[in-house]
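Everything numeric here is computed off the predicted structure, so don't read it as measured data. All chains are named by letter (A, B, ...) in the order of the sequence lines, taking the proteins before the strands, and each is independently numbered beginning at 1.
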Amino acid sequence: MASPKQLGEVLFDKMQLDPKAKKTKTGQYATGEDVLAKLANQHKICNDILSFRELTKLKNTYVDALPELINSKTGRVHTSYAQAVAVTGRLSSTSPNLQNIPVRTERGKEIRKAFIPRDENHVLVSADYSQIELRIVAAISADENMCAAFKTGKDIHTATAAKVFNVEEADVTKEMRYKAKSVNFGIIYGQGAFGLAENLGISRTEAKEIIDNYKKQFPNIQKYMDETINFAKETGYVETLMGRKRWLKDITSANFTVRGFAERNAINSPIQGTAADMIKLAMIKIHHAFKARQFKSKMLLQVHDELVFDVLKEELELVKPVILECMQNALSLPNDVPANAEIGEGENWLVAH
DNA sequence: TCTCTCACG
DNA sequence: ACGTACGTGAGAGAC
């Protein structure tokens with residue numbers, strides 16, 4: 001009923017929906033969301049399968065599993081954080097993983113609503129860094145155009161679109177912004193024209209044009225990427241702004257694919273890792289600040305660029321600026337790029353976020 | 001126990 | 001011609 005192997009055989013052997021169907025490295029047909037979405041116009045069963053996958057995922061992973069993990073003493077779920085699992089320095093969360101609670105789809109949002117404050121005297125508060133990884137890219141690459149966008153408080157994807165498509169910011173269309181957003185994210189991961197084309201459903205030629213233009217408009221970002229890869233090849237590691245290293249043994253591999261992975265790791269790790277360093281520093285600051293002010297409110301969760309709190313209602317207006325101050329000043333970035341955080345509150349996690 | 005898929009940042 | 005965007009954890013199915 002949920003077998004990717006059987007599904008692949010039915011879709012591609014029996015029904016012949018795609019003679020060039022891609023296979024996984026073990027020779028099975030790939031039937032992931034991206035594959036099924038492309039096939040949706042050929043046969044309507046694809047959308048039914050996607051719906052089925054969404055529903056069973058939510059039921060199996062969250063609706064059925066989370067209640068089983070309620071602690072009988074506290075009546076709540078308690079995650080475990082690992083500090084030395086993720087290679088970039090991020091935390092990871094298990095039993096249950098509370099860093100992947102749904103938020104995107106309508107049914108997923110219903111699950112997030114189940115996370116509520118301890119009682120009627122408390123509210124949930126969520127504070128998250130805005131575009132922290134792109135700010136870090138701007139700061140450590142010292143790219144003038146990107147630093148300027150953040151310093152003047154611009155919408156970064158709109159600003160990027162204006163540069164890449166050579167129009168006034170006021171004339172940036174939704175589609176242009178959408179594409180620019182995809183390019184910005186791709187940059188963080190070391191994406192190429194192929195990946196961008198695949199992601200946006202555009203031709204590789206168009207994708208290459210966009211990327212070339214991006215590099216022209218934000219020249220220091222390209223320079224940062226080249227220099228970081230060279231540094232890794234010379235030293236065997238890359239490091240965050242705070243100096244935490246990630247060793248990359250494959251960076252000099254003769255194998256194109258293996259080396260390519262290591263090169264993308266070299267680009268991404270200092271960015272993701274610096275963001276991880278920053279929020280950890282913020283958490284320590286917040287811990288001390290809450291203690292010094294004798295707040296009764298509690299810090300509950302960290303989700304990479306977000307912190308969630310159980311806040312006593314009468315402390316709310318005192319607590320919020322403390323959280324924001326700690327987050328925004330946790331680690332000062334080079335080139336005067338500000339770290340910005342946003343905060344919200346409500347009767348559940350969905351509303352607060 | 002491994003593979004595939006999919007939830008999140 | 002090749003492979004092609006980073007980091008996680010968890011559940012189901014296959015073996």
Side-chain angles (χ1 to χ4, degrees), chain A residues 1-9 22-37 49-50 52-66 68-69 79-82 85-105 107-109 111-112 128-134 137 182-200 204 207-208 211 225 238 246 248 255-273 275-276 279 301-307 349 353:
Chain A
M1 198 154 77
S3 162
K5 185 168 188 286
Q6 292 178 30
L7 176 64
E9 286 160 7
K22 280 182 188 152
K23 297 197 169 176
T24 66
K25 56 172 176 260
T26 55
Q28 270 189 42
Y29 290 112
T31 68
E33 189 180 346
D34 52 334
V35 175
L36 296 180
I49 295 162
L50 286 169
F52 172 82
R53 287 249 178 98
E54 182 197 347
L55 289 166
T56 53
K57 176 73 175 183
L58 296 178
K59 181 171 188 293
N60 292 332
T61 308
Y62 305 101
V63 177
D64 290 346
L66 285 172
E68 297 296 316
L69 291 162
T79 187
S80 298
Y81 284 112
V85 168
V87 285
T88 55
R90 278 185 170 188
L91 301 184
S92 86
S93 160
T94 58
S95 321
N97 181 356
L98 295 184
Q99 291 181 321
N100 71 346
I101 298 303
V103 70
R104 286 172 197 174
T105 67
R107 284 191 170 94
K109 288 178 179 171
I111 292 166
R112 194 164 278 234
D128 65 293
Y129 284 112
S130 63
Q131 308 297 352
I132 189 58
E133 293 195 353
L134 279 175
V137 173
S182 185
V183 180
N184 274 331
F185 276 106
I187 289 299
I188 294 172
Y189 304 141
Q191 185 184 43
F194 180 93
L196 183 67
E198 189 79 1
N199 189 275
L200 288 177
R204 218 182 297 184
K208 189 173 181 309
I211 289 175
M225 297 198 291
V238 289
R246 175 176 180 181
L248 295 167
N255 181 305
F256 179 87
T257 306
V258 171
R259 190 176 67 251
F261 267 105
E263 288 174 352
R264 293 193 294 278
N265 291 156
I267 292 167
N268 177 262
S269 282
I271 302 165
Q272 192 179 115
I279 196 167
L301 297 174
Q302 188 254 44
V303 192
H304 310 306
D305 64 354
E306 173 190 11
L307 297 172
W349 193 3
H353 185 54

*Atom NZ of A:Lys59 to atom C1' of C:dA12: distance rounded to whole Å?*
13 Å
*Has A:Arg90 got a side-chain N or O lying under 4.0 Å from the OP1 or OP2 atom of C:dG7?*
no
*Is A:Thr31 touching bases, backbone alone, or none of the nucleic acid, heavy atoms closer than 4.0 Å?*
sugar-phosphate
_Regarding A:Gln28, tell me which of base, sugar-phosphate or nothing describes its non-hydrogen contacts under 4.0 Å with the strands shown._
sugar-phosphate
_Considering every strand and a 4.0 Å limit on heavy-atom distances, what is the contact class for A:Arg259: base, sugar-phosphate, or nothing?_
nothing
*Rounding to the closest angstrom, what is the interatomic distance between B:dT3 and C:dT4 at atom P?*
16 Å
*asked:* In this structure, how many angstroms lie between the P atom of C:dT4 and the CD1 atom of A:Ile267, rounded?
replied: 16 Å
*Could you check whether A:Ile188 gets within reach of a base, just the sugar-phosphate, or nothing at all, counting any heavy atom under 4.0 Å?*
nothing
_Nearest-Å distance for atom pair NZ/C1', residues A:Lys23 and C:dG3_ = 18 Å
*Any A:Asn265 side-chain N or O less than 4.0 Å from OP1/OP2 of C:dG7*: yes
*At under 4.0 Å between heavy atoms, what does A:Glu33 touch on the DNA or RNA strands: base, sugar-phosphate, or nothing?*
sugar-phosphate
*Return the value, rounded to whole Å, for the distance between atom CD of A:Gln99 and atom P of C:dG9.*
9 Å
*Contact class for A:Ala30 vs. all strands (heavy atom < 4.0 Å): base, sugar-phosphate, or nothing?*
sugar-phosphate
_Without decimals, in angstroms, what is the distance between A:Phe194 CZ and C:dT4 P?_
8 Å
*A:Ile111 versus A:Trp349: any side-chain heavy-atom pair under 4.5 Å?*
no
*Among the candidates C:dG13, C:dA10, C:dG11, find the nucleotide nearest to the side-chain atoms of A:Ser95.*
C:dA10
*Could you tell me whether A:Gln6 contacts a base, only the sugar-phosphate backbone, or nothing, with contacts defined as non-hydrogen atoms closer than 4.0 Å?*
sugar-phosphate
*Just wondering, do A:Leu7 and A:Arg53 contact through their side chains at under 4.5 Å, heavy atoms?*
yes
_Earlier contact from the 5' end, DNA chain C, for A:Phe261 and A:Thr257_ = A:Thr257
*asked:* Walk me through whether A:His304 and A:Ile279 qualify under side-chain contact (heavy atoms from CB on, under 4.5 Å).
replied: CA-CA 7 Å; A:His304 310 306; A:Ile279 196 167; over 6 Å; no
*A:Asn268 versus A:Ile188: any side-chain heavy-atom pair under 4.5 Å?*
yes
*May I ask you to verify if any side-chain N or O of A:Asn60 is less than 4.0 angstrom from the OP1 or OP2 atom of C:dA12?*
yes
*Write down the distance separating the P atoms in B:dC4 and C:dG3, rounded off to the nearest Å.*
15 Å
*Contact summary for A:Pro96 and A:Leu66, nearest pair of heavy atoms*: CB-CD2, 3.6 Å
_Heavy-atom side-chain contact between A:Tyr81 and A:Leu301 under 4.5 Å_ = yes
*If you look at every strand shown and take non-hydrogen atoms under 4.0 Å, does A:Lys5 touch a base, only sugar-phosphate, or nothing?*
sugar-phosphate
*Please determine, for C:dA1, whether a Watson-Crick or G-U wobble partner exists with both distances under 3.5 Å, and give it or none.*
none
_Classify A:Asn97 by what it touches in the nucleic acid, base, sugar-phosphate, or nothing, heavy-atom distance under 4.0 Å._
sugar-phosphate
*Pick base, sugar-phosphate or nothing for A:Arg104, based on heavy-atom distances below 4.0 Å to the nucleic acid.*
base
*Under the side-chain contact (heavy atoms from CB on, under 4.5 Å) rule, what do A:Leu248 and A:Phe261 come out as? Steps first, then yes or no, please.*
CA-CA 10 Å; A:Leu248 295 167; A:Phe261 267 105; over 6 Å; no
*To the nearest Å, give me how far apart CD (A:Glu263) and C1' (C:dG3) are.*
13 Å
_Between C:dA10 (C1') and A:Glu68 (CD): distance, integer Å_ = 15 Å
*Shoot me the first and last contacting nucleotide of DNA chain B against chain A, ordered 5' to 3', at under 4.0 angstrom to non-hydrogen atoms.*
B:dT3 to B:dG9
_Side-chain N,O (A:Thr61) to OP1/OP2 (C:dA10) below 4.0 Å_ = no
*asked:* Base, sugar-phosphate or nothing for A:Ser269? Non-hydrogen atoms, less than 4.0 Å.
replied: nothing
*Test side-chain contact (heavy atoms from CB on, under 4.5 Å) on A:Lys22 and A:Val35 and set out the steps.*
CA-CA 9 Å; A:Lys22 280 182 188 152; A:Val35 175; 5.8 Å; no
*Starting at atom CD of A:Gln302, determine the distance to atom P of C:dG7, rounded to an integer number of angstrom.*
17 Å
*side-chain hydrogen bond (donor to acceptor under 3.5 Å, both in side chains) assessment of A:Gln302 paired with A:Gln99*: CA-CA 7 Å; A:Gln302 188 254 44; A:Gln99 291 181 321; 3.1 Å; yes
_Applying a 4.0 Å non-hydrogen cut-off, can you work out what A:Ala193 is touching in the nucleic acid: base, sugar-phosphate, or nothing?_
nothing
*Among C:dT4, C:dG9, C:dG7, which nucleotide sits nearest the side chain of A:Asn100?*
C:dG9
